[in-house]
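Sequence lines set the chain letters: A, B, ... in the order given, protein chains first and strands last, and positions in each chain run from 1.
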Amino acid sequence: EADIYQTPRYLVIGTGEKITLECSQTMGHDKMYWYQQDPGMELHLIHYSYGVNSTEKGDLSSESTVSRIRTEHFPLTLESARPSHTSQYLCASSDTASLSEKLFFGSGTQLSVL
Amino acid sequence: AQKITQTQPGMFVQEKEAVTLDCTYDTSDQSYGLFWYKQPSSGEMIFLIYQGSYDEQNATEGRYSLNFQKARKSANLVISASQLGDSAMYFCAGASNTGTASKLTFGTGTRLQVTL
């Protein structure tokens with residue numbers, strides 16, 4: 001089974017604060033992804049990485065940044081949070097880049113910015 | 001890129017009955033993949049089933065089957081013998097070949113409620 005972990009599960013912060021959402025996987029997957037999901041809505045890809053030291057922006061523009069210094073770790077950082085950043089953030093990983101690639105998702109971080 | 005459309009915001013089904021969740025897609029790619037994911041209230045996304053555009057047979061995974069009609073550009077999910085634990089959000093997603101990483105496009109989802 002998939003082993004991909006996100007912390008924290010829930011986070012409430014004030015406007016202007018800097019935060020880092022953690023995502024780690026123990027499967028040795030090269031590909032990792034961050035999706036953003038508003039309540040009851042579809043997921044939008046905001047960042048992805050296909051290996052160490054590689055990161056790309058996704059289809060939805062985001063003010064967040066990511067890094068990939070280690071294979072297992074793909075943190076997402078917001079330098080100055082705003083209420084518009086309130087959303088659920090889902091991390092995922094996979095071991096291939098084919099069309100049949102199955103993504104393994106974490107449980108998500110529900111972020112609320114006051 | 002793909003566009004995925006799910007027109008059913010919510011569905012009800014009685015326990016042990018079958019239910020079909022609709023999904024249509026629009027793509028200019030010759031080769032593509034279609035997925036269904038389940039999202040329970042706990043929040044994680046769980047892979048259910050995959051269909052490749054060149055697969056001749058409809059995909060099946062246990063109680064899940066994908067009714068793939070290429071000419072109609074539809075990829076409906078059929079859940080047989082519904083269980084209470086099937087209550088969740090269901091997302092249809094499409095994959096386009098980017099060469100280096102999979103970029104899934106998701107539909108807006110269907111909330112399924114299984115009743116006694």
Worksheet item: Step by step, would you call A:Gln37 with B:Gln39 a side chain to side chain donor-acceptor pair (under 3.5 Å)?
Response: CA-CA 12 Å; A:Gln37 183 185 27; B:Gln39 187 177 41; 3.0 Å; yes

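- Comparing B:Met45, B:Gln6, B:Gln51 by how many heavy-atom pairs each has under 4.5 Å with chain A, the most go to B:Met45.
- Linking ILVMFWY side-chain heavy atoms closer than 4.5 Å, directly or via other members, places B:Tyr64 and B:Leu112 in a single hydrophobic cluster.
- Residues A:Leu114 and A:Leu21 are members of separate hydrophobic clusters, defined by side-chain heavy-atom contacts under 4.5 angstrom among Ile, Leu, Val, Met, Phe, Trp and Tyr.
- Linking Ile, Leu, Val, Met, Phe, Trp and Tyr residues whenever their side-chain heavy atoms come within less than 4.5 Å places A:Tyr89 and A:Ile19 in a single cluster.
- A:Leu103 approaches B:Tyr37 most closely through the heavy-atom pair N-OH, 3.0 Å.
- Linking Ile, Leu, Val, Met, Phe, Trp and Tyr whenever their side-chain heavy atoms come within less than 4.5 Å puts B:Met11 and B:Val114 in one cluster.
- Atom CG of B:Asp55 and atom OG of A:Ser100 lie 9.0 Å apart (nearest 0.5 Å).
- Among the candidates A:Gln110, A:Gln6, A:Lys102, A:Glu56, the residue making the largest number of heavy-atom pairs closer than 4.5 Å to chain B is A:Lys102.
- Looking at B:Ser42, the atoms closer than 4.5 Å to chain A (heavy atoms on both sides) all sit in the backbone: N, CA, C or O.
- Between A:Phe104 and B:Phe47, the gap from one ring centroid to the other reaches at least 6.0 Å.
- The 12-atom threshold is not exceeded at CD1 of A:Ile69, counting heavy atoms of other residues, nucleotides or ligands nearer than 6.0 Å.
- No more than 12 heavy atoms of other residues, nucleotides or ligands lie within 6.0 Å of NZ in B:Lys16, so this atom counts as exposed by the packing criterion.
- Hydrophobic clustering (ILVMFWY, side-chain heavy atoms < 4.5 Å, transitive): A:Leu76 and A:Leu60 are in one cluster.
- A:Tyr33 contributes no side-chain N or O that, together with a main-chain N or O of B:Leu104, makes up a donor-acceptor pair within less than 3.5 Å.
- No side-chain heavy atom of B:Ile46 sits less than 4.5 Å from a side-chain heavy atom of A:Phe105.
- If you measure heavy-atom distances from A:Leu90 to chain B, the contacts under 4.5 Å come from the side chain alone.
- The OG1 atom of B:Thr105 sits 6.0 Å away from the CG atom of A:Asp59 when rounded to the nearest 0.5 Å.
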